[in-house]
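All values reported here derive from a predicted model rather than from experimental measurement. Because only heavy atoms are used, hydrogens play no part in the values below, and waters and symmetry mates are left out as well, while side chains stay in.
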Amino acid sequence: MTVESRSDANGPSGVHDPRRLAWAYLSKVVQGPCPALSRLVEEVGPQEAARAVRERDLSEVLGERTVARAHVDTAAEDLELVAGMGGRLVTPDDDEWPQWRLLGFGNLSRSRDEGPPLALWVLGSRPVAELTDRAISIVGTRAASGYGEHVTAEIAGDLAVDGWTIVSGAAFGVDGAAHRAALGVGGLTVAVLACGVDRAYPAGHARLLRQIAQNGAVVSEYAPGTTPAKHRFLARNRLVASLSDGVVVVEAGWRSGARNTVSWARKLGRPVMAVPGPVTSASSTGCNRMIREGEARLVANAGDVVEEAGPIGLRDGPEVVRDLDALSGDALLVYEALPAAGPRGVRELSELSGVAVEHVRAVLPLLEMEGFVGCDDTGWSRQR
């Protein structure tokens, strides 16, 4: 599927579509995750939500979150700017929205910073859902050593050759090495930015970002013109974790952005992997400690990564079965509501688990992807 094949594709004829203008306006107003606004959009749609924001017809919490930029409406200009760069705004209305990748946010507490993106600004012609269908995130220190860059290139290149999309944050060091390795073998890669896609950050990677857009996608939840900031990098990390099957850390200090990405991966149920390094290297203290304390599985090559994060059929031995301790929240309640044998329907599972129907519908696909449940014409049933 190409972006152009979608009936609702962005372009000159769609730039001023009222619904898309509303999405663009709301994206500019909140600049990042806003679970309260996401819920409002789900309930009333983007156009009514935009009206409520403009007229300050909101709850106190949402009013405080939007009041500073409610008067800023550059939606048409933003859409035209990105379209001129060969990009588009991707929203939950679109076929290419990576919906199943973002389902994990439904199990979080939905505090201010724990929600899904409201929309995604994208440079590149390939559909986002297609790019992230089979993907691995590779992250690490900006001050990568020769060892770190070498290992990153080996793992990212081998994964890309095998058809995996490499996701990272376009920073210097490990991120850049991962993107370049994927591009070097003709593979696909996605860069997730902490600023508008109209800004090359870091500036030294302007050419690299152009290459990524040609062979994958440059993605941001921030509207054009948004500048980089520390809190945006932390929010960006949750998208790096969510848009892949697992996160690999190559060289990282104990307190680092990579560690923040790992935290998000664990919250979202993604496997975390780390490459060990010399005990004398400060750049590897985070990786070595995560492995020692059981926060990450040791990996040394692309094969190890696929065993941990790849399709269940590609894993060997005991790795096929995941510990049920990995389940929590609504996912655990729904799983435990299933009988040892036989199927159950969504509404029945809702009654047995005490989980709302819409949340049951959200967690069942996640459980299915992890191999815990299966579905046929009779309903949902346990697979282990």
Side-chain angles (χ1 to χ4, degrees), residues 1-9 87-106 116-117 119-139 155-169 178-179 181-183 185-192 212-221 236 238-248 261 264-265 268-273 302-303 305-315 322 361-375:
M1 180 184 72
T2 63
V3 172
E4 289 74 18
S5 70
R6 296 187 294 108
S7 61
D8 60 343
R88 62 203 179 278
L89 177 65
V90 178
T91 78
D93 288 341
D94 298 321
D95 292 340
E96 66 168 306
W97 182 252
Q99 182 174 1
W100 73 277
R101 283 292 185 204
L102 304 175
L103 289 174
F105 287 106
L120 295 172
W121 299 86
V122 181
L123 299 183
S125 62
R126 295 177 181 270
V128 178
E130 181 181 298
L131 278 170
T132 58
D133 183 60
R134 191 166 179 256
I136 294 293
S137 295
I138 300 180
V139 298
I155 293 176
D158 288 347
L159 287 170
V161 165
D162 288 339
W164 292 84
T165 297
I166 303 302
V167 180
S168 197
H179 290 305
L183 293 171
V185 297
L188 302 175
T189 185
V190 172
V192 186
I212 292 171
Q214 293 171 359
N215 296 273
V218 175
V219 176
S220 177
E221 65 183 317
R236 181 275 308 270
R238 83 192 197 291
L239 296 186
V240 172
S242 69
L243 294 176
S244 67
D245 293 275
V247 173
V248 178
T261 306
W264 278 112
L268 294 168
R270 303 293 195 267
V272 176
M273 296 151 278
V305 174
V306 173
E307 284 187 14
E308 292 296 326
I312 291 176
L314 297 180
R315 301 173 190 169
R322 289 188 177 179
R361 290 196 179 104
V363 301
L364 282 171
L366 292 173
L367 290 169
E368 184 179 28
M369 285 186 290
E370 297 296 339
F372 290 112
V373 305
C375 180

Where Ala181 and Ala156 come nearest, the two heavy atoms and their spacing: CB-CB, 3.9 Å
Before you tell me yes or no, could you show the steps for Leu268 and Phe105 under side-chain contact (heavy atoms from CB on, under 4.5 Å), namely the whole-Å CA-CA distance, both residues' side-chain angles and the distance that decides it to 0.1 Å? CA-CA 7 Å; Leu268 294 168; Phe105 287 106; 4.0 Å; yes
To the nearest 0.5 Å, tell me how far Ile166 CD1 sits from Ile136 CD1. 7.0 Å
Note, Pro127 side chain near Asp95 side chain (heavy atom, < 4.5 Å): no
Is there a side-chain contact between Val247 and Trp264 (heavy atoms, below 4.5 Å)? no
For the residue pair Pro271 and Met273, what are the closest heavy atoms and their distance? O-CE, 3.9 Å
When Arg101 is tested against each of Thr132, Asp133, Asp245 for side-chain hydrogen bond (donor to acceptor under 3.5 Å, both in side chains), which residue passes? Asp245
Evaluate the side-chain contact (heavy atoms from CB on, under 4.5 Å) criterion for residues Asp94 and Thr91: first the C-alpha distance (whole Å), next the side-chain angles of each, then the deciding distance (0.1 Å), finally the verdict. CA-CA 6 Å; Asp94 298 321; Thr91 78; 3.6 Å; yes
Tell me every residue that passes side-chain contact (heavy atoms from CB on, under 4.5 Å) with Leu366, counting only those two or more places apart in sequence or in another chain. Leu103, Asn107, Met369
Least distance between heavy atoms, Ile138 atom then Ser168 atom: O-OG, 2.6 Å
Check whether any side-chain heavy atom of Arg236 lies under 4.5 Å from a side-chain heavy atom of Ser220, and answer yes or no. no
Could you measure the distance from the CG atom of Leu159 to the OG1 atom of Thr165? Nearest 0.5 Å is fine. 10.5 Å
Evaluation steps, side-chain contact (heavy atoms from CB on, under 4.5 Å), between Arg88 and Val90: CA-CA 6 Å; Arg88 62 203 179 278; Val90 178; 3.9 Å; yes
How far apart are the closest heavy atoms of His179 and Thr189, and which atoms are they? ND1-OG1, 2.7 Å
Go through Val192 and Val167 one step at a time and tell me if the side-chain contact (heavy atoms from CB on, under 4.5 Å) criterion holds. CA-CA 7 Å; Val192 186; Val167 180; 4.1 Å; yes
Are Ser137 and Thr261 close enough that some pair of their side-chain heavy atoms sits under 4.5 Å apart? no
Which atom of Ala241 lies closest to which atom of Ala265, heavy atoms considered: CB-N, 3.8 Å
Would you say Leu239 and Leu120 make side-chain contact, with heavy atoms under 4.5 Å? yes
